[in-house]
Enquirer: 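Mind having a look at this structure? Questions to follow.
What's counted below: heavy atoms across the whole structure, side chains too, no hydrogens, waters or symmetry copies. Letters A, B, ... mirror the listed sequences (proteins, then strands); counts begin at 1.
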Amino acid sequence: MAEYNPSVIEPKWQQYWEEHKIDQTDDEGGKKYYVLEMFPYPSGRLHMGHVRNYAIGDVLARFLRMRGYNVLHPMGWDAFGLPAENAAIKNNVHPAAWTYSNIEAMKKQQKAMGISYDWQREIATCDPDYYKWTQWLFLLLYKRGLAYKKHAAVNWCPNCSTVLANEQVEDGGCWRCGAEVTLKDLEQWFFRITDYAERLLEDLKLLSGWPERVCTMQENWIGKSEGVEVRFKVKDGTDEIPVFTTRPDTLYGVTYLVLAAEHPLVEKLTAGTEQEAAVRAFVEKTKKLNEVDRTSTEMVKEGVFTGAYCLNPVNGEEVPILVGNYVLMGYGTGAVMGVPAHDQRDFEFAQKYNLPLRVVITPPGQELTADALTEAYVDDGLLINSAQFTGETSEAAKKKIAAYLAANNWGEAKVTYRLRDWLISRQRYWGAPIPILYCEQCGTVPVPEEQLPVILPEDVTFQAGGQSPLAVHEEFLSAVCPQCGGQARRETDTMDTFIDSSWYYFRYTDPHNAELPFTKAKGDAWVPVDQYIGGIEHAILHLLYSRFITKVLYDAGYTAAVEPFTRLLAQGMVNKDGAKMSKSKGNVVSPDEIIEKFGADTVRLFILFAAPPEKDLDWSDRGVEGSYRFLKRVWRLVDRYAAVLQRAGEQQAEADKSDQEMRRAVHTALKKVTEDIEERFNFNTAISSIMEAVNAAYSYMHEKEDNVHPGIMKEALEILVLMLAPFAPHLGEELWQRLGHQPSVHLQSWPTFDHTALQVAEVEIVVQINGKVRDHLMVPTGLTREALQELALASEKIAQQVQDKQIVKVIAVPDKLVNVVVR
RNA sequence: GCGAGAGUGGUGGAAUGGCAGACACGCUAGAUUCAGGAUCUAGUGGGCAGUACGCUCGUGGGGGUUCAAAUCCCCCCUCUCGCACCA
């Protein structure tokens, strides 16, 4: 009797699968299913989060193949990024060398896990064959007017020495290193994602296969709000100040106007006035505040009078213009109208600076006076003090005032989004160069497509100061202008790595194409991804960018997909002792060690068994041992009967009761496992059903010893092995062979359960009195309500307890229960 | 503050209106063994009982709907995540 020895069988089957190209996908054949796990950054080591991610994807991929789908299950590397560059500076290795050796190490780990990837489709975003098409994508956006350069106050991470997109600032810190982000005035490249704001919002409705919270987060991030833009004329001047408001019904309550510190009119309005010095000091002070303090709700609202006034278009009233620290230049128009009676922020501000309040909205049936207010009345109501709109409801007035403004050319209805354009240039080396030239004659010129890729030079020297080595690389810098043939200079910024990952799922469909990023036929054959699996941390970033890029490709006719990912599974984290695994806490569990000790099958099984995929999972060494024990238990079961079963079919004995029970147990498990994987993704309960079937087989074995029914035992073991194969692929393969079959178990059809095996002659029902269980009865299956009721009332225990009471009602549920209601 | 999710034995978790705690970990006992480990078998929510396999309590707290609630509804508490002066 051989022992279960994963360290022998796992490498053996991995090699077999590779040699026999079991995991390669053809573009033709069967109904397609695209399973994708988010590709990793090649840090050099897999962590348990990766292991979980790939285990989930692999069970699905293997299961669906057995269900007859043509499954695409590729893997690649999000290989550009700062850590490579930091490692280069610190250890004096080239980022490319560092990255590729990390890729090798991680690939080895993935192979050791037995994940069924089609390695022929492997991609790395730092490969010129890949980033050529990332650059092509940039040019596509450029041609379509979606890539532009502008001067703006942008987020700067001093630690990473580069700028960041809005999405990449978390809590005022850099998403990668956490350093406090400051604002810098720089000229930078942007993608016009705001042009797609409405579609990105609207199409969330198509994503019924996504977790609702991810859609909600995207919805909040896009932040649509509908209102009007009103133009206030500056008194004694020609300038106009546009103001965005969602409450045009409060327009008659405006008593002042506030500009953001960065508002272009601030300087103009105060130049040469006696307010100039005070305003300038205030602006300086406000600009110095970092983003966190600036947008914190706890911040004290402060402001200063500019000395200027403007005119409320609807009533011609003069209102003072102030500069305030609570108005953001980045949202709306950078100017707000102050309605202290009906906006809490304005109320606080007005109290502090003694600005007047005017009530223009009253709650229905109530009087409201300015003096009586202790806080703003922010709800809808009826208009007062509002000329011809007095008496209207807020709802009606919003529309009527908007129309009135439009008719007089004082403003118009407008929709504003919180979403900002995507800042995509990075002042770093290890990324795809932006394919742009600056010509003295022609200005900004895109690199012609046939000249792609713009190769990232390898002979660079890194400087401690963090300046990109491209900026001082003469050979890279100098270029010939494709338009005039004159001297030109290359853009030295590289692209945000989120661009690399925003289209990689298309490249897998046609990874070796030298003419195009992918052909439409191949892209359309696979995209959208049917099931995408990854961490929740990309709820906005990667997932929003990918949706945007897919829509651009759709508009340009390169894909028929409107959305890239049909279903999304946001997996939970892998923790240890209730806390995130981290070096500083010293609670990191290394996948390598566990695989070495127990084998990949055990790790996969444990991680899928310990919790449903979307929940956080606490790592337990004991639990892992339990999974190992289970696999050994299966091994012994098959080992004991494999020989016996070679004789199966010789004598087909009549099946007795316990034989039939064995068969029922296996088919019941099969039904449950199939449903749990296919419909609910509940791998934990699928595995527990397999365990139950194994337990049933042990009981059967004890009862029958060597007199098991060969046909039934054979079928039971085969079904068990087939069910286990997606979870523990190596053991599945080994046992399949030991049962006398040819490999590969992974090319077998998923078994179908036999309805007749599930049928039972008798079923245990529960008899309740007033909802409390009082008896259990074995009754023939399929009894009618009436028959069931009769049997229940005839039961000794029930009859006894009911005899001196009045039966009010009897509820009978066939094959389940009877509830007798008594008084 | 707003939004979303969660709260079930000693532990991970199961049950989505019909016997709460499947499955597993841990623990207890027995078998096997020189011993340990491994393995197999049985037991394992609390209380009361005491061999009647019975009563009773029990799914964060309180209330409600229902013949029947972990599950549906209302209020409250706690935790996690996301957003947060967005005009």
Enquirer: Return the nearest nucleotide to the side chain of A/N695; candidates are B/U41, B/C23, B/C67.
Expert: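 Taking heavy atoms from C-beta onward, the closest nucleotide is B/C23.
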Enquirer: Give one of base, sugar-phosphate or nothing for A/H776, where a contact means two heavy atoms less than 4.0 Å apart.
Expert: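 Here A/H776 touches the bases of the nucleic acid.
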Enquirer: Whole-Å distance between B/C86 P and A/E226 CD?
Expert: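 About 17 Å, once rounded to whole Å.
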Enquirer: A/I536 or A/Y417: which one's nearest nucleotide on RNA chain B is closer to the 5' end?
Expert: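 This one resolves to A/I536.
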Enquirer: To the nearest angstrom, how far is A/M217 atom CE from B/A84 atom P?
Expert: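 Result: 10 Å.
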Enquirer: Please confirm whether A/W410 and A/F232 have ring centers closer than 6.0 angstrom.
Expert: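 No: the rings miss the under 6.0 Å criterion.
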Enquirer: For the P atoms, the ones on B/G63 and on B/G46, what distance do you get once it is rounded to whole angstrom?
Expert: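 It works out to 26 Å between them.
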Enquirer: With a 4.0 Å cut-off on heavy atoms, is A/V821 in touch with a base, just the backbone sugar-phosphate, or nothing at all?
Expert: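 A/V821: backbone/sugar contact only, no base atoms under 4.0 Å.
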Enquirer: Counting heavy atoms from C-beta on, name the nucleotide in B/U56, B/C25, B/C40 closest to the side chain of A/R629.
Expert: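 So the nucleotide nearest the side chain must be B/C25.
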Enquirer: Mind checking if A/G223 touches a base, just sugar-phosphate, or nothing, with heavy atoms under 4.0 Å?
Expert: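 Answer is nothing: A/G223 stays at 4.0 Å or more from every strand.
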Enquirer: Which is true for A/R418 with a 4.0 Å heavy-atom rule: it touches a base, it touches only sugar-phosphate, or it touches nothing?
Expert: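 Touches a base.
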Enquirer: Anything under 30° is parallel, anything over 60° is perpendicular, the rest tilted; go ahead and classify A/Y4 against A/Y628.
Expert: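 Geometry flag for A/Y628 against A/Y4: tilted rings.
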Enquirer: In dot-bracket notation, what is the pairing pattern of RNA chain B, taking Watson-Crick (N1-N3 plus N6-O4 or O6-N4) and G-U wobble (N1-O2 and O6-N3) contacts under 3.5 Å, with [ ] crossing and | for other strands?
Expert: (((((((..(((.....[....)))((((((.......))))))((((.....))))..(((((..]....))))))))))))....
Enquirer: Nearest heavy-atom pair of A/R418 and A/N220: which atoms, and what distance?
Expert: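 What the structure gives for the nearest pair is NE-O, 3.6 Å.
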Enquirer: Has the side chain of A/E625 got a donor or acceptor that lies under 3.5 Å from a partner of the other kind on the base of B/C25?
Expert: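 By the distance-only test, no, there is no pair.
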Enquirer: Salt bridge between A/E412 and A/R231, side-chain N to carboxylate O under 4.0 Å?
Expert: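 Yes, A/E412 and A/R231 are salt-bridged.
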Enquirer: Counting only side-chain heavy atoms from C-beta out, which of B/G18, B/A87, B/C40 sits nearest to A/R636?
Expert: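 Nearest to the side chain of A/R636 among the choices is B/C40.
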Enquirer: How far apart are the closest heavy atoms of A/M573 and A/R52, and which atoms are they?
Expert: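 Nearest pair, atom of A/M573 first, then A/R52: O-NH1, 3.2 Å.
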Enquirer: Which part of the nucleic acid, if any, lies within contact of A/R213, taking any heavy atom under 4.0 Å across all strands shown: a base, the sugar-phosphate backbone alone, or nothing?
Expert: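 Touches sugar-phosphate only.
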Enquirer: For A/K772 and B/A69, give me the distance from atom NZ to atom P, rounded to whole Å.
Expert: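 Distance check: A/K772 NZ to B/A69 P gives 10 Å.
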Enquirer: Indicate, with a heavy-atom threshold strictly under 4.0 Å, whether A/R420 touches base, sugar-phosphate, or nothing.
Expert: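 The residue A/R420 makes no contact with any strand.
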Enquirer: With rounding to the closest Å, how many angstrom separate the C1' atoms on B/C81 and B/U71?
Expert: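 Straight-line distance between the two C1' atoms is 24 Å.
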Enquirer: Round to a whole Å and report the spacing from OH of A/Y698 to P of B/A31.
Expert: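 Those two atoms, OH and P, are 21 Å apart.
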Enquirer: Give me the distance, rounded to whole Å, that separates B/G54 from B/C77 when you measure between the C1' atoms they each carry.
Expert: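 Looking at atom C1' only, B/G54 and B/C77 are 37 Å apart.
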Enquirer: Judged by modelled atom types alone, do A/T685 and A/D676 share a side-chain donor-acceptor pair under 3.5 Å?
Expert: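 There is such a pair between these side chains.
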Enquirer: Considering only NZ, NE, NH1 and NH2 on the basic side and carboxylate oxygens on the acidic side, decide whether A/K285 and A/E302 come within less than 4.0 Å.
Expert: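 A/E302 and A/K285: salt-bridged.
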Enquirer: Distance between the C1' atoms of B/G9 and B/A70, in whole angstroms?
Expert: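 Going atom to atom, C1' in each nucleotide, I get 14 Å.
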Enquirer: Considering just the side-chain nitrogens and oxygens of A/K816, establish if one lies under 4.0 Å of OP1 or OP2 belonging to B/G18.
Expert: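 False: A/K816 side-chain N/O out of range (4.0 Å or more) of B/G18 OP1/OP2.
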Enquirer: At less than 4.0 Å, is any side-chain N or O atom of A/R345 found next to OP1 or OP2 of B/A87? Yes or no.
Expert: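 Indeed not, no polar side-chain atom of A/R345 lies that close.
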Enquirer: Do the charged groups of A/E3 and A/K632 touch, with an N to O distance under 4.0 Å?
Expert: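 Judged by the 4.0 Å cut-off on N to carboxylate O distance, A/E3 and A/K632 do not form a salt bridge.
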Enquirer: Which part of the nucleic acid does A/E212 contact within heavy-atom distance under 4.0 Å: base, sugar-phosphate only, or nothing?
Expert: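 No contact.
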Enquirer: Would you please indicate if the ring centroids of A/F349 and A/Y326 are separated by under 6.0 Å?
Expert: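 A/F349 vs A/Y326: aromatic centres under 6.0 Å.
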Enquirer: Since syn is defined as within 90° of 0, does B/G9 count as syn or as anti?
Expert: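 B/G9: syn.
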Enquirer: Looking only at side chains, do A/D421 and A/T194 share a donor and an acceptor under 3.5 Å apart?
Expert: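 Result is yes, a qualifying pair exists.
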Enquirer: If you measure from the Lys or Arg side-chain nitrogens to the Asp or Glu carboxylate oxygens, is any gap between A/K671 and A/E675 under 4.0 Å?
Expert: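 Yes, charged N to carboxylate O under 4.0 Å.
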Enquirer: How does protein reach along nucleotides 7-16 of chain B, written 5' to 3' as B (base within reach of a heavy atom under 4.0 Å), S (only sugar-phosphate), or - (no contact)?
Expert: -----BSSS-
Enquirer: For residues A/W221 and A/L544, report the shortest heavy-atom separation together with the two atoms involved.
Expert: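 What the structure gives for the nearest pair is CD1-CD2, 3.8 Å.
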Enquirer: Tell me: CD of A/Q768 to P of B/G18, nearest whole Å?
Expert: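 Whole-Å distance recorded here is 11 Å.
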Enquirer: From CG of A/L631 over to P of B/C23, roughly how many Å is that when rounded to an integer?
Expert: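 It is 18 Å, rounded to the nearest whole Å.
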Enquirer: Hey, which of these two, A/H702 or A/G332, hits RNA chain B nearer its 5' end, going by closest nucleotide?
Expert: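 By nearest-heavy-atom nucleotide position, the 5'-most residue is A/H702.
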Enquirer: Tell me the closest heavy-atom pair linking A/A728 and A/L631, and the distance in Å.
Expert: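 Taking every non-hydrogen atom into account, CB-CD2, 4.2 Å.
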Enquirer: Quantified in whole Å, what is the P atom distance between nucleotide B/U65 and nucleotide B/U16?
Expert: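 Rounded to whole Å, the distance is 25 Å.
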Enquirer: Give me the distance, rounded to whole Å, that separates B/C40 from B/C57 when you measure between the P atoms they each carry.
Expert: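 39 Å, rounded to whole Å.
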Enquirer: Can you tell me the distance, in whole Å, between the CD atom of A/E348 and the P atom of B/G1?
Expert: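 It works out to 15 Å between those atoms.
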Enquirer: If you only use heavy atoms from C-beta on, which nucleotide in B/G18, B/C86, B/A22 is closest to the side chain of A/N819?
Expert: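 Nearest listed nucleotide: B/G18.
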Enquirer: Can you tell me how far C1' in B/C55 sits from the matching atom in B/A6, rounded to whole Å?
Expert: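 To the nearest whole Å, 35 Å.
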Enquirer: Students often get this wrong, so: under 4.0 angstrom with heavy atoms, is A/S225 touching a base, only sugar-phosphate, or nothing?
Expert: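 Sugar-phosphate only.
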Enquirer: C1' atom, B/G26 versus B/U11: distance in rounded Å?
Expert: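 To the nearest whole Å, 7 Å.
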Enquirer: Could you tell me the separation between the CG atom of A/D775 and the C1' atom of B/C55, rounded to a whole number of Å?
Expert: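 In whole Å, B/C55 C1' and A/D775 CG are 15 Å from each other.
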Enquirer: Any base atoms under 4.0 Å from A/D346, or only sugar-phosphate, or nothing? Heavy atoms, all strands.
Expert: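 Result for A/D346 = nothing.
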